[in-house]
Peer 1: 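So that we are looking at the same thing, I have put the structure below in structure tokens.
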Protein chains: 2
Amino acid sequence: MVKRTSFEGDSCPIARSLDALGDWWSLLIIREALFGLRRFGEFQNKLGMAKNILAVRLRALVDHGILATAPASDGSAYQEYVLTAKGRGTFPILVALRQWSEEFDDRPEEIATILVDREKGRPVRKLEMRAEDGRLLSPADTTLKPRPARRRSA
Amino acid sequence: MVKRTSFEGDSCPIARSLDALGDWWSLLIIREALFGLRRFGEFQNKLGMAKNILAVRLRALVDHGILATAPASDGSAYQEYVLTAKGRGTFPILVALRQWSEEFDDRPEEIATILVDREKGRPVRKLEMRAEDGRLLSPADTTLKPRPARRRSA
DNA sequence: CCAATTGGTTTTATGATGCAACCACACAAA
DNA sequence: TTTGTGTGGTTGCATCATAAAACCAATTGG
């Protein structure tokens with residue numbers, strides 16, 4: 001088989017995430033969903049993508065438990081696509097992508113929006129990684145350990 | 001043209017990040033590079049990917065300023081691929097992807113490694129988003145604002 | 001100097017993507 | 001009830017990207 005390799009069985013959590021989110025459109029669909037879009041046509045209009053691949057992506061996101069189909073909302077007989085908790089949980093990923101672009105993009109002047117604290121209207125700080133005891137960690141302060149086996153793993 | 005749409009000119013910073021990182025292999029190559037891999041063969045062995053597409057991806061990452069080619073390191077005449085500051089700056093993205101998988105994956109028992117604080121060996125906390133004044137922010141506490149125009153923008 | 005390793009490129013097959021056309025259904029007006 | 005319109009897709013192609021394997025040049029190692 002020459003299929004595009006799937007990382008579904010990989011043991012690396014990054015690869016497993018990419019299996020669900022790693023194509024060109026999924027994260028942008030999620031971004032729009034976080035912004036409040038729900039309907040097929042809304043996504044299609046906003047993202048300007050082909051309708052067939054939007055349909056495929058939406059189905060895949062539903063299959064992955066990131067979106068769920070809701071029967072209605074404004075009374076019409078059409079259905080909507082709403083984020084699940086798993087879908088809303090991608091928020092830090094989107095923030096990390098955004099901040100990387102803000103910090104390293106070659107043409108930052110083309111970036112249209114900034115993420116701000118709603119209360120004060122001031123930019124948010126960079127994402128912080130902390131130890132259990134609250135110490136701020138840099139990448140070099142971290143390392144990988146094998147996952148401790150759960151007792152009586154089914 | 002029917003090319004895979006590029007987000008290079010998009011004004012959304014997330015789309016711009018995806019333009020550089022959004023394919024199936026780039027983030028995994030970066031992950032291995034953060035882990036210390038440098039040589040073509042090391043990447044190829046570890047990731048098990050086809051050599052032709054590895055070559056294409058490495059070139060693209062170099063073009064994007066994420067990797068740089070260094071002439072040597074162990075004295076051999078071959079070249080190495082090392083992360084730039086821009087490349088190392090992807091660390092939070094990888095952490096966010098990892099944590100999303102740890103929190104929401106359907107089969108978390110298949111995840112092999114956990115990210116720990118090197119000093120204490122304890123798992124790191126979830127990435128935190130804070131306001132300028134240090135208040136911890138949830139997604140609902142944030143909003144997007146148009147980027148303030150730089151004076152005398154060239 | 002010979003053989004194996006490294007670091008790729010080329011070739012070929014197939015899957016994914018994108019555009020356009022088509023179509024079923026819901027809904028509204030006549 | 002028929003007609004029309006918009007929504008939410010599906011179906012055909014044409015093209016592009018990806019993958020596996022074969023091939024190849026330069027670099028080592030002996």
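Order of the sequence lines sets the chain letters (A, B, ...), proteins ahead of strands, with each chain counted from 1. Only this structure's heavy atoms are used, side chains among them; waters, hydrogens and symmetry mates stay out.
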Peer 1: Do the side chains of E109(B) and R147(A) get close enough for a salt bridge, i.e. N-O under 4.0 angstrom?
Peer 2: no
Peer 1: Measuring from the side chain of I53(B) (C-beta onward, heavy atoms only), which nucleotide among dG8(D), dT18(D), dT9(C) has the closest atom?
Peer 2: dT18(D)
Peer 1: Enter the distance from L47(B):CG to R57(B):CZ here, rounded to the nearest 0.5 Å.
Peer 2: 12.0 Å
Peer 1: Need the bend value for the helix from dC1(C)-dG30(D) to dA30(C)-dT1(D): angle between end axes, 5 pairs each end, nearest 10°.
Peer 2: 20°
Peer 1: Does a distance-only test, which skips hydrogens and angles, find a donor-acceptor pair under 3.5 Å between the side chain of Y78(A) and the base of dG9(D)?
Peer 2: no
Peer 1: To the nearest 0.5 Å, what is the distance between OG1 on T142(B) and CD on E119(A)?
Peer 2: 12.5 Å
Peer 1: Nearest whole Å is fine: how far is dA16(C) P from R59(A) CZ?
Peer 2: 14 Å
Peer 1: Treating Ile, Leu, Val, Met, Phe, Trp and Tyr as nodes and any side-chain heavy-atom pair under 4.5 angstrom as an edge, say whether V56(B) and F43(B) lie in one connected cluster.
Peer 2: no
Peer 1: Within this structure, what is the CG-CD1 distance for the pair D105(B) and I111(B), rounded to the nearest 0.5 Å?
Peer 2: 4.5 Å
Peer 1: Which of residues 16-52 of chain B sit near DNA chain D, with a heavy atom under 4.0 Å from it?
Peer 2: W25(B), A50(B), N52(B)
Peer 1: Can you list the residues that meet the ring pair (Phe, Tyr, Trp, His ring centres under 6.0 Å) rule with Y78(B), with sequence neighbours excluded?
Peer 2: none
Peer 1: Atom CD of Q99(A) and atom OG1 of T90(B): how far apart are they, to the nearest 0.5 Å?
Peer 2: 13.5 Å
Peer 1: Expressed as a whole number of angstroms, how long is the span from L54(B):CG to dA21(D):P?
Peer 2: 16 Å
Peer 1: Could you check which of dC27(C), dT10(D), dT17(C) has an atom nearest any side-chain atom of A77(A)?
Peer 2: dC27(C)
Peer 1: Test salt bridge (charged side-chain N to carboxylate O under 4.0 Å, His left out) on R107(B) and E8(A); report intermediate values, then the result.
Peer 2: CA-CA 10 Å; R107(B) 287 185 296 284; E8(A) 198 181 344; 3.7 Å; yes
